[in-house]
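Worksheet: one structure, shown below.
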Number of protein chains: 2
Amino acid sequence: MDFNKVIDLLKNSGYKLTNQRKIIIEALYHSDKPISMEEWLLLTKDKNPGINLSTIYRNIDVLEDLGLLEKIRPKDDSIKYTLNLMENHSHFLICKRCGKAEAIECCLSKEFKKVIEDKEFDLIEHNLELYGYCKECHNELDKK
Amino acid sequence: MDFNKVIDLLKNSGYKLTNQRKIIIEALYHSDKPISMEEWLLLTKDKNPGINLSTIYRNIDVLEDLGLLEKIRPKDDSIKYTLNLMENHSHFLICKRCGKAEAIECCLSKEFKKVIEDKEFDLIEHNLELYGYCKECHNELDKK
DNA sequence: ATTTCTGCAAAGGGTTTGCACGTAT
DNA sequence: ATACGTGCAAACCCTTTGCAGAAAT
């Protein structure tokens, strides 16, 4: 989904397009990885120093309402945010060193689904986070 | 791992076995599902009404140090705790209605691993949470 | 004109911490 | 005897909220 589609969805849902809102969403949209609240604030203040933290928090609600926000909660108890624009459900390969996150398409295995089915469990949603080292960081670490 | 093994591990790691600590760990040990801090406190107060919240929080650190604690962070932003006693890496089928959690063994599919390998990503660990309705709750919901 | 949105500051709620006392070893 | 652990209360920090003014429709 391109940025204009996001804005259209926003407007069509009855939300107003303010300067702050645009900047807040843009920051997430252009980030290549999930970001923390602190990073999000810095990115927005870069474009409009007057933006208040609470405005971002309030826009989290908006993005959640639109179904566009993905909250990632790593094992380190931090919270990171990213836009969920993919039509297919996806997951992230998260680098433990540089923090870069790359989306990959979901594919729970057939055997996995079979195990769940056998337990007569009605699976609605799932959450998968994969941690390791990206190619670049792996190479860097090897050098040492 | 049975309860005495947990206690042995605790002692062998240099921690003292206090009445509170025993009760706190026992509560988790005997729960058949991951519990919230509130539930944990109630379970411990049941055995020793004087136990303080901060004591549980401090014992979380101990259990994490021992590698025995599993923190589950559902999409609803809550945090639940459970002991991780299985030797095999496992995941939970978590019921969205009754909260019951059942461990299942891990099996990332071969295709999944292939995708990751192709990206030359060095996978270290992963975290999978599966949400839905258990058989019983599914039946209950059908009745309505 | 009307409704929604924002900045500000204060309140809230879960978690952590300092300290003096208590307990396990 | 000593080091570790606990209860209590205060401190912390992130997030939420009430309000009055500002901006979008």
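We name chains A, B, ... by the order of the sequence lines, and we start the count at 1 in each one. Just so it is clear, the values below take in all heavy atoms, side chains as well, and ignore hydrogens, waters and symmetry mates. Fair warning: this is a prediction, and the values are worked out from it, not measured in the lab.
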Review point. Parallel, tilted or perpendicular: which fits the ring planes of B/His126 and B/His91, with parallel below 30° and perpendicular above 60°?
Key: tilted

Check your understanding: Has the side chain of A/Lys16 got a donor or acceptor that lies under 3.5 Å from a partner of the other kind on the base of D/dA23?
Key -> no

Check your understanding: Taking for each residue the nucleotide of DNA chain C bearing the nearest heavy atom, is the 5' side occupied by B/Asn19 or by A/Gly50?
Key -> A/Gly50

Revision key, fill the gap. Separation of D/dA23 atom C1' from A/Lys11 atom NZ, nearest Å, is 14 Å

Check your understanding: Does A/Leu66 reach the side chain of A/Tyr15, with side-chain heavy atoms less than 4.5 Å apart?
Key -> yes

Point to revise | Presence of A/Arg21 side-chain N/O under 4.0 Å of C/dT6 phosphate oxygens OP1/OP2 | key: yes

Review point. Mind checking whether A/Ile94 and A/Lys80 have side chains closer than 4.5 Å, heavy atoms only?
Key: no

Check your understanding: Between A/Ile79 and B/Arg58, which is nearer to the 5' end of DNA chain D once each is assigned its nearest nucleotide?
Key -> B/Arg58

**Study point:** Side-chain N,O (A/Thr18) to OP1/OP2 (D/dA24) below 4.0 Å
**Key:** no

Exercise for review: Would you classify B/Ile51 as touching base, sugar-phosphate or nothing, given that sugar-phosphate means primed atoms plus P, OP1 and OP2, and contacts are heavy atoms under 4.0 Å?
Suggested key: sugar-phosphate

Check your understanding: D/dA9 P sits how many Å from B/Asn52 CG, rounded?
Key -> 9 Å

Revision key, fill the gap. Between B/Lys135 and A/Lys119 the two heavy atoms that sit nearest each other are CB-O, 4.4 Å

Point to revise | For atom CG of B/Leu63 and atom P of D/dG5, their distance in whole Å | key: 12 Å

Check your understanding: C/dC8 C1' sits how many Å from A/Lys45 NZ, rounded?
Key -> 12 Å

Review point. What is the distance, rounded to the nearest whole Å, between atom CH2 of A/Trp40 and atom P of D/dC14?
Key: 16 Å

Exercise for review: Could you check how far CG of B/Leu41 sits from C1' of C/dG14, rounded to whole Å?
Suggested key: 13 Å

**Study point:** From C/dG7, D/dT6, C/dA24, nucleotide with atom closest to A/Gln20 side chain
**Key:** C/dG7

Practice item. Check every strand shown and say whether A/Lys22 touches a base, only sugar-phosphate, or nothing at a heavy-atom separation below 4.0 Å. Key: nothing

Check your understanding: Same cluster for B/Ile79 and B/Ile25 if Ile/Leu/Val/Met/Phe/Trp/Tyr side chains link at under 4.5 Å?
Key -> yes

**Study point:** Which nucleotide in D/dG5, C/dA9, D/dG7 has an atom nearest any side-chain atom of A/Ser54
**Key:** C/dA9

Revision key, fill the gap. A/Leu10 atom CG is separated from C/dT4 atom P, nearest whole Å, by 14 Å

Check your understanding: Can you find a side chain N or O atom of B/Asn59 that sits less than 4.0 Å from OP1 or OP2 on D/dT6?
Key -> yes

Practice item. Round to a whole Å and report the spacing from CD1 of A/Ile24 to C1' of C/dG7. Key: 12 Å

Review point. Starting at the 5' end of DNA chain C and moving along, which residue's nearest nucleotide shows up first, B/Met37 or B/Tyr15?
Key: B/Met37

